[in-house]
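Structure, as structure tokens:
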Amino acid sequence: MVGGGQLARMTQEAAVALGIQLRVLAEGPTVSAAQAVADAPVGDYRDPETVRRFAAEADVVTFDHEHVPTDLLRSLEADGVQVRPGPDALVHAQDKAVMRQRLDTIDAPAPAHQVVADRDDIADFAKRVGGFPIILKTTRGGYDGKGVWVVDGPDDPAVEAAFGAGVAILAEEKVDFVRELSAIVARSPHGQAVAYPIVESVQKDGICVEVTAPAPGLDPEKAAYAQQTALRIAGELGVVGVLAVEMFEARDGRLLVNELAMRPHNTGHWSIEGAVTSQFENHLRAVLDLPLGSPAARAPYTVMVNVLGGDVEDMHRGLLHCLARDPGLKVHFYGKSVKPGRKVGHVTAYGDDLEDVRERARHAAAYLTGTIDE
């Protein structure tokens with residue numbers, strides 16, 4: 001697995017259970033996964049020789065993030081390395097313009113969009129979608145709200161910031177949405193695929209802070225449509241591994257594809273305890289072409305809340321209270337130093353009563369971060 005973040009760290013737990021030797025190309029000796037995976041080599045995922053040496057020791061190469069250069073991955077494939085997902089699929093998670101163009105060809109539902117080169121293009125696009133505000137996104141490199149701007153007019157200072165990012169810019173209509181949903185599927189090389197329950201995600205400042213599985217009150221036909229859309233995208237793009245399709249549930253009833261991620265995803269962390277087979281285990285099964293496990297939920301409701309850095313540096317001091325108060329709570333720390341707004345872990349609660357489950361998860365996250373003290 002290229003990348004040593006928390007996704008690789010949580011994948012290691014699934015690998016150990018299956019007896020799979022996971023190796024990780026880490027960004028540094030103390031990153032999340034390097035603390036959990038023995039002898040993780042440290043290197044730059046953008047350096048061809050570093051990645052080639054790493055890949056030479058593996059049966060399959062997969063990813064903790066989408067940032068390995070596409071051309072480098074194509075050269076690995078040319079050398080006979082099994083890259084999953086392959087570069088022809090992964091580019092759709094790396095480049096939003098490529099993603100939008102490809103999804104248009106398969107009639108996947110999406111916000112109106114256009115690559116823009118200057119302020120005149122922005123003004124023309126805004127006119128086409130009914131006026132400002134609109135959204136500008138970097139086509140490459142954005143994550144957790146970075147590289148995204150809400151623009152109120154062609155002279156908005158955000159326009160200059162966007163064009164100063166050094167990559168192509170995508171304009172999209174600003175969708176009036178009720179909530180954000182996520183459809184996670186896993187697909188193997190020979191085409192077996194499974195779909196997890198559709199979840200509701202809550203974003204704050206561009207960061208996912210809470211996930212509820214299944215999405216409360218979602219019409220069963222809409223849920224099935226979202227799953228079918230994600231499965232269709234996975235098949236059409238030739239995805240191998242986990243695919244997360246982030247969606248808007250628009251106020252007018254439409255479900256629109258917002259983003260793609262071809263790896264385990266924050267909106268799937270609930271599945272570690274909440275599903276029969278976690279997204280991390282199914283990602284490993286998929287890239288190794290093993291039969292996929294059941295994605296079915298274990299409980300009527302599961303809520304995952306991210307633990308974000310705040311003023312409390314030693315969050316482990318909060319474990320005594322949280323675990324004594326709620327023996328059914330599950331806590332995951334990522335081995336990261338605490339910085340304001342940084343994802344340093346998550347908590348998961350599950351049960352029959354949604355409000356009770358939410359309260360338990362929210363209370364634990366708030367107590368660990370020091371937001372509450374009782």
Task: Under 3.5 Å: donor-acceptor pair, side chain of Lys339, backbone of Gly310 - done: no
Open item on the list: Taking Arg325 first and then Glu359, would you say they form a salt bridge - that is, a charged N and a carboxylate O separated by under 4.0 Å?
Closed with: yes
Task: Basic-acidic side-chain contact under 4.0 Å: Lys137, Glu259 - done: yes
- [ ] Grab the two heavy atoms, one from Ile169 and one from Ala162, that are nearest each other, plus how far apart they are.
- [x] CD1-O, 3.3 Å
Task: Arg84 side chain vs Val240 backbone, donor-acceptor pair below 3.5 Å - done: no
Open item on the list: Determine whether His283 and Thr62 satisfy the following criterion, side chain to side chain donor-acceptor pair (under 3.5 Å), listing intermediate values before the conclusion.
Closed with: CA-CA 9 Å; His283 185 72; Thr62 189; 2.8 Å; yes
- [ ] Check step by step if salt bridge (Lys or Arg N to Asp or Glu O under 4.0 Å) holds for Glu172 and Lys96.
- [x] CA-CA 11 Å; Glu172 293 186 351; Lys96 294 179 178 65; over 6 Å; no
Open item on the list: By the definition side-chain contact (heavy atoms from CB on, under 4.5 Å), identify the one residue from His65, Arg140, Met99 that meets it with Gln94.
Closed with: Arg140
- [ ] Provide the closest heavy-atom pair for Leu181 versus Ile198 in the form atom of the first, atom of the second, distance.
- [x] CB-CG2, 4.1 Å
Task: Where Pro214 and Pro300 come nearest, the two heavy atoms and their spacing - done: CD-O, 3.1 Å
Open item on the list: For the CD atom on Glu77, are there more than 12 heavy atoms of other groups (residues, nucleotides or ligands in this structure) within a distance under 6.0 Å?
Closed with: yes
TODO: Would you please classify the geometry between the Trp270 ring and the Tyr196 ring as parallel, tilted or perpendicular, with 30° and 60° separating the classes?
DONE: perpendicular
Task: Salt-bridge contact Arg362-Glu210 (side-chain N to carboxylate O under 4.0 Å) - done: yes
Open item on the list: If you compare all heavy atoms of Arg100 against all heavy atoms of Pro111, which two are closest, and at what distance to 0.1 Å?
Closed with: NH2-CD, 3.6 Å
Task: Pair Arg342-Ser337, side chain to side chain donor-acceptor pair (under 3.5 Å): steps then yes or no - done: CA-CA 9 Å; Arg342 186 185 202 184; Ser337 59; 2.9 Å; yes
- [ ] Ignoring hydrogens and angles, tell me if any N or O in the side chain of Asp176 forms a donor-acceptor pair with the backbone of Arg251 under 3.5 Å.
- [x] no
Open item on the list: Counting only heavy atoms from other residues, nucleotides and ligands, does the tally under 6.0 Å from CD of Gln101 exceed 12?
Closed with: no
Task: Arg74/Asp88 salt bridge by N-O under 4.0 Å criterion - done: yes
TODO: Dump the intermediate steps for salt bridge (Lys or Arg N to Asp or Glu O under 4.0 Å) on Glu173 and Arg128, then the final yes or no.
DONE: CA-CA 9 Å; Glu173 69 169 299; Arg128 179 161 70 87; over 6 Å; no
TODO: Step through the shown structure and confirm whether more than 12 heavy atoms of other residues, nucleotides or ligands are within 6.0 Å of CG on Asp39.
DONE: no
TODO: Starting at OG1 of Thr267, measure out to CD of Gln203 and round the result to the nearest 0.5 Å.
DONE: 8.5 Å
- [ ] Return the orientation label for the His269 and Tyr334 ring planes: parallel under 30°, perpendicular over 60°, tilted otherwise.
- [x] perpendicular
Open item on the list: With side chain to side chain donor-acceptor pair (under 3.5 Å) as the test, pick out the partner of Arg360 among Asp326, Thr348, Asp353.
Closed with: Asp326
Task: Check: Asp121 side chain, Ala117 main-chain N or O, donor-acceptor pair, under 3.5 Å - done: yes
Open item on the list: When you compare the side chains of Ser182 and Glu180, does any donor N or O come within less than 3.5 Å of an acceptor on the partner?
Closed with: no
TODO: For atom NZ of Lys174, decide whether the heavy atoms of other residues, nucleotides or ligands shown that lie under 6.0 angstrom number more than 12.
DONE: no
- [ ] Would you give the length of the straight line joining atom CZ of Phe54 to atom CD of Glu49, rounded to the nearest 0.5 angstrom?
- [x] 15.0 Å
Open item on the list: Name the residue from Asp64, Leu7, Leu25, Val287 that meets the side-chain contact (heavy atoms from CB on, under 4.5 Å) definition with Met1.
Closed with: Asp64
Task: Residues Arg102 and Thr105: side-chain donor-acceptor under 3.5 angstrom - done: yes
- [ ] Please check if any side-chain donor atom of His92 sits under 3.5 Å from a side-chain acceptor atom of Glu236, or the reverse.
- [x] no
Open item on the list: On a heavy-atom basis, which atom in Ile134 and which in Val129 lie closest, and how many Å separate them?
Closed with: CG2-CG2, 4.0 Å
Task: Glu160 atom CD, neighbour heavy-atom count above 12 within 6.0 Å - done: no
Open item on the list: Are Val150 and Val148 linked, directly or through intermediate hydrophobic residues, by side-chain heavy-atom contacts shorter than 4.5 Å (ILVMFWY only)?
Closed with: yes
Open item on the list: Looking at Ser278 and Glu281, would you say the former's side chain and the latter's main chain have a donor-acceptor pair under 3.5 Å?
Closed with: yes
- [ ] Without swapping roles, check the side chain of Arg9 against the backbone of Ala34 for a donor-acceptor pair under 3.5 Å.
- [x] no
Open item on the list: Please evaluate residues Arg52 and Glu57 with respect to the criterion salt bridge (Lys or Arg N to Asp or Glu O under 4.0 Å), reporting the C-alpha separation (whole Å), side-chain torsions for both, the decisive distance (0.1 Å), and the verdict.
Closed with: CA-CA 9 Å; Arg52 282 197 181 95; Glu57 301 178 7; over 6 Å; no
- [ ] Scan residues 293-317 for pairs that pass side chain to side chain donor-acceptor pair (under 3.5 Å), counting only residues two or more places apart or in two chains.
- [x] Asn266-Asn306
Task: Where Tyr350 and Gly328 come nearest, the two heavy atoms and their spacing - done: CE2-O, 4.1 Å
Open item on the list: Between Arg23 and Gln21, does the side chain to side chain donor-acceptor pair (under 3.5 Å) criterion hold? Intermediate values first, please.
Closed with: CA-CA 6 Å; Arg23 287 181 58 78; Gln21 184 181 0; over 6 Å; no
Open item on the list: Looking at Arg254 and Glu249, is any side-chain nitrogen of the basic one under 4.0 Å from a carboxylate oxygen of the acidic one?
Closed with: no
Task: Test log, rule side-chain contact (heavy atoms from CB on, under 4.5 Å), inputs Thr70 and Leu90 - done: CA-CA 8 Å; Thr70 311; Leu90 191 61; over 6 Å; no
Open item on the list: His332 vs Val347, test: side-chain contact (heavy atoms from CB on, under 4.5 Å). Steps then yes/no.
Closed with: CA-CA 6 Å; His332 296 259; Val347 298; over 6 Å; no
TODO: Show your reasoning for whether side-chain contact (heavy atoms from CB on, under 4.5 Å) applies to Leu260 and Leu237.
DONE: CA-CA 11 Å; Leu260 301 181; Leu237 272 52; 4.0 Å; yes
- [ ] Kindly say whether Ile207 contributes a backbone atom to a donor-acceptor pair with the side chain of Asp205 at under 3.5 angstrom?
- [x] no
Task: Heavy-atom check, side chain of Leu256 versus side chain of Met247, under 4.5 Å - done: no
- [ ] Measure centre to centre between the rings of Phe333 and His346, then say whether the value is under 6.0 Å.
- [x] no
Open item on the list: Test your reading of the model: is there a side-chain donor-acceptor pair from Ser271 to the backbone of Gln279, 3.5 Å cut-off?
Closed with: yes
Open item on the list: Less than 4.5 Å apart, side chain to side chain, heavy atoms only: is that true for Gln35 and Pro29?
Closed with: no
Task: Other residues, nucleotides, ligands: >12 heavy atoms within 6.0 Å of Asp118 CG - done: yes
- [ ] Give a yes-or-no answer on whether the side chains of Arg285 and Thr277 include a donor-acceptor pair shorter than 3.5 Å.
- [x] no
Open item on the list: Phe125 vs Leu170, test: side-chain contact (heavy atoms from CB on, under 4.5 Å). Steps then yes/no.
Closed with: CA-CA 11 Å; Phe125 175 76; Leu170 182 71; over 6 Å; no
- [ ] Kindly compute the distance separating NE2 (His190) from CD (Gln192), expressed to the nearest 0.5 Å.
- [x] 5.0 Å
